[in-house]
2 protein chains.
Amino acid sequence: MRLVVAKCSVDYEGRLRAHLPLATRLVMVKADGSVLIHSDGGSYKPLNWMNPPLTLHEGTPDEDAAALGAVSTWTVASAKTDDKLTINFHSFEHDSAHILGTDPGLIKDGVEADLQRLLAEQIELLGDGHKLIRREYMTAIGPVDILARDAKGATVAVELKRRGDIDGVEQLTRYLDLLNRDPLLKPVTGIFAAQQIKPQARTLAEDRGIRCLTLDYDAMRGVDDSAGRLF
Amino acid sequence: MRLVVAKCSVDYEGRLRAHLPLATRLVMVKADGSVLIHSDGGSYKPLNWMNPPLTLHEGTPDEDAAALGAVSTWTVASAKTDDKLTINFHSFEHDSAHILGTDPGLIKDGVEADLQRLLAEQIELLGDGHKLIRREYMTAIGPVDILARDAKGATVAVELKRRGDIDGVEQLTRYLDLLNRDPLLKPVTGIFAAQQIKPQARTLAEDRGIRCLTLDYDAMRGVDDSAGRLF
DNA sequence: TTTTGAATTTCGGGT
DNA sequence: ACCCGAAGTTCAAAA
């Protein structure tokens with residue numbers, strides 16, 4: 001990884017055009033060729049970047065750039081698309097290179113897939129006597145997160161979200177419309193389950209006869225006997 | 001901006017849990033407090049990060065971390081949420097600080113808004129004799145990108161995308177269903193316009209009687225007399 | 001301030 | 001390889 005802190009201007013041309021006026025920024029060149037240009041604020045997203053595979057050419061500024069005071073120009077071109085990044089350097093404050101090696105990678109825990117696994121294992125959270133039919137029950141319009149059977153034997157479709165929003169209710173509604181056309185499953189009721197359910201979504205769901213279920217991930221994780229195995 | 005290259009392990013706990021095993025990485029601390037942890041590959045997205053406002057505490061490792069060889073521990077806590085990042089440093093390879101100043105910011109050109117403006121100005125790209133009714137024509141289910149009238153006086157609804165995908169066709173279909181219920185507008189035909197239209201989207205669109213229009217942004221920009229004013 | 005939709009989205013899983 | 005959907009989405013603009 002090469003780290004360059006320098007006063008520079010940047011132009012990107014590809015899927016869009018973008019221009020960065022002259023200022024001091026960090027230019028990061030990763031081992032795989034990625035180029036990232038960061039300012040000293042904002043978020044984790046760089047101001048500009050290029051993804052590999054690419055070619056990086058360090059050259060002399062063209063006439064216009066030189067007239068404006070550029071002393072070095074990097075031309076970064078994507079090997080696959082016609083994206084191009086041009087960095088005109090005016091002065092360098094820092095330039096260092098480092099060997100980092102490959103990263104073992106991030107281990108995540110607590111995403112929707114985990115919620116789904118936990119809810120399938122603790123299916124009675126839906127209500128006493130509920131039995132799991134299956135996860136990711138395929139339909140023509142996509143997979144229903146969880147299909148279950150309640151104590152009375154009626155089918156229950158569960159839409160699972162980390163954050164329950166209107167579109168999740170719409171999604172479940174479409175599934176319910178479809179599933180209720182199947183005489184073998186009919187009648188199918190719906191449960192909208194999420195860690196957090198927005199008031200609007202709750203109102204819409206209940207208006208459509210869909211039950212809402214707020215999930216406590218930490219509690220569910222506590223019940224799960226495999227909890228903590230990652231750390 | 002502070003740049004630290006060090007062998008470290010990282011734990012994040014917040015909206016999810018995540019763990020990074022011991023490896024050499026770049027830890028970037030921006031002037032606004034943001035902390036970014038980058039590996040030497042991947043994309044522009046850091047492995048872990050924390051957004052401001054936050055507090056950064058440099059302390060000594062706890063017993064467990066020290067036993068594993070940690071010599072310094074950073075605790076980064078969000079001031080607003082309960083997100084927390086813990087970095088256990090085992091050895092430092094580089095540590096430098098730099099004054100960058102505020103960034104003048106990025107100037108973009110060529111996003112969907114530009115496309116829409118250009119297409120509205122060059123409405124005859126839809127076909128000879130087309131007239132603009134209005135941009136962002138509001139309906140109960142959202143704004144239609146462009147509403148126009150063709151040479152015969154029939155209404156035309158345009159859905160505009162940078163990259164034309166199935167969901168864009170679905171969106172336009174919903175608009176057309178709605179607009180065709182309005183006796184004042186009926187009959188309304190649809191045009192799906194995008195810089196790139198995926199084959200599946202094109203097939204679906206044409207199957208529904210929606211015309212597809214591929215837009216050449218550079219050509220449209222060339223026609224626009226305000227082109228190039230940004231640079 | 002909340003909400004809505006785009007993004008040079010990225011990223012991962014499945015087919 | 002493409003397709004689909006989640007994301008600690010982030011981000012900006014509009015309501």
Side-chain angles (χ1 to χ4, degrees), chain A residues 10-19 34-37 42-51 54 76 78 80-85 105-116 136 138 141-143 145 159-163 165-168 171 194-196 198-201 217, chain B residues 10-19 34-37 42-51 54 76 78 80-85 105-106 108-116 135-136 138 141-143 145 159-163 165-168 170-171 194-196 198-201 204 217:
Chain A
V10 185
D11 287 280
Y12 165 74
E13 188 157 346
R15 280 167 282 192
L16 58 71
R17 289 159 211 261
H19 175 71
S34 324
V35 176
L36 286 68
I37 295 162
S43 66
Y44 71 68
K45 200 174 180 180
L47 296 164
N48 278 118
W49 69 94
M50 286 285 282
N51 291 330
L54 53 80
V76 186
S78 169
K80 292 206 164 180
T81 67
D82 57 358
D83 293 52
K84 202 176 77 175
L85 195 68
L106 190 66
I107 302 167
K108 284 184 183 179
D109 174 36
V111 290
E112 194 188 288
D114 295 286
L115 265 182
Q116 189 187 113
E136 300 288 345
M138 275 309 299
I141 57 170
D145 288 335
E159 177 62 34
L160 192 62
K161 292 283 176 204
R162 237 169 22 83
R163 275 158 44 189
D165 221 327
I166 295 256
D167 57 349
Q171 200 176 332
Q195 282 183 275
Q196 236 184 354
K198 292 222 179 161
Q200 286 193 342
Y217 178 71
Chain B
V10 185
D11 287 280
Y12 165 75
E13 189 156 346
R15 279 169 281 193
L16 58 68
R17 291 158 212 260
H19 175 70
S34 323
V35 177
L36 286 67
I37 296 162
S43 67
Y44 71 67
K45 198 174 180 181
L47 295 163
N48 277 117
W49 70 94
M50 285 288 282
N51 293 329
L54 54 78
V76 187
S78 169
K80 291 205 164 178
T81 67
D82 56 358
D83 293 50
K84 202 176 78 175
L85 196 68
L106 189 65
K108 283 185 184 180
D109 175 33
V111 289
E112 193 187 286
D114 294 285
L115 266 182
Q116 189 188 111
R135 292 163 57 183
E136 301 286 345
M138 274 310 298
I141 57 171
D145 287 335
E159 177 63 33
L160 191 62
K161 291 285 174 198
R162 230 169 28 79
R163 275 160 42 190
D165 222 328
I166 295 258
D167 57 349
E170 295 288 4
Q171 200 177 330
Q195 282 184 274
Q196 238 185 354
K198 292 223 179 160
Q200 285 196 341
L204 180 65
Y217 176 71

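Residue numbers start from 1 in every chain, and the chains themselves are labelled A, B, ... in the order their sequence lines are given, proteins ahead of strands. Just the heavy atoms: all of them, side chains too, but no hydrogens, waters or symmetry mates, feed the values below.
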Q: Just N and O in the side chain of A/Asn51: are any of them under 4.0 Å from OP1 or OP2 of C/dT10?
A: yes

Q: Looking at C/dT8, D/dT10, C/dT3, which one has an atom nearest to any side-chain atom of A/Trp49?
A: C/dT8

Q: The side chain of B/Arg15 is closest to which nucleotide in this list: D/dC3, D/dT10, C/dT3?
A: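 Of D/dC3, D/dT10, C/dT3, D/dT10 is nearest to the side chain of B/Arg15.
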
Q: Considering heavy-atom distances to DNA chain C, does A/Gln200 or B/Val111 have its closest nucleotide positioned more toward the 5' end?
A: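 This one resolves to A/Gln200.
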
Q: Can you tell me how far P in D/dT10 sits from the matching atom in C/dG12, rounded to whole Å?
A: 16 Å

Q: Above 12 or not: heavy atoms from other molecules or residues under 6.0 Å from CD of A/Glu136?
A: yes

Q: To the side chain of B/Lys45, which of C/dT3, C/dT10, C/dT8 is closest?
A: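 Ranking C/dT3, C/dT10, C/dT8 by closest atom to the B/Lys45 side chain puts C/dT10 first.
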
Q: Rounded to whole angstrom units, what separation is found between the CZ atom of B/Arg163 and the C1' atom of D/dC2?
A: 13 Å

Q: Could you check B/Ala113 against B/Ser43 and say which one's nearest nucleotide on DNA chain C is further toward the 5' end?
A: B/Ala113

Q: For B/Leu115 versus B/Lys161, what's the shortest heavy-atom pair and its separation?
A: CD1-O, 4.1 Å

Q: Hey, which sits more toward the 5' end of DNA chain D by its nearest nucleotide, A/Leu160 or A/Lys80?
A: A/Lys80

Q: Would you tell me if any nitrogen or oxygen in the side chain of A/Lys161 comes within less than 4.0 Å of OP1 or OP2 on D/dA6?
A: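 Indeed, a polar side-chain atom of A/Lys161 lies that close.
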
Q: Do B/Asn48 and A/Tyr44 have side-chain atoms, one donor and one acceptor, less than 3.5 Å apart?
A: no

Q: For A/Tyr44, which contact category applies under a 4.0 Å heavy-atom criterion: base, sugar-phosphate, or nothing?
A: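 Result for A/Tyr44 = sugar-phosphate.
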
Q: Heavy-atom nearest nucleotide on DNA chain D for B/Asp165 versus B/Leu16: which residue maps closer to 5'?
A: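 The residue whose closest nucleotide sits nearer the 5' end is B/Asp165.
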
Q: How close or far is atom P of C/dA6 from atom CD of B/Glu136, stated in whole angstroms?
A: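 For the pair B/Glu136 CD and C/dA6 P, the rounded distance is 10 Å.
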
Q: Please report the distance separating the C1' of D/dA7 from the corresponding atom of C/dA6, rounded so that it comes out in whole Å.
A: 15 Å

Q: Looking only at the side chain of B/Glu112 (C-beta and beyond, no hydrogens), which of the listed nucleotides D/dA7, C/dA6, D/dG8 gets closest?
A: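 The answer is C/dA6, which lies nearest to the side chain.
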
Q: Under 4.0 Å between a side-chain N/O of A/Lys84 and OP1 or OP2 of C/dT8, yes or no?
A: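 So the side-chain polar atoms of A/Lys84 never come under 4.0 Å of the phosphate oxygens OP1 or OP2 of C/dT8.
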
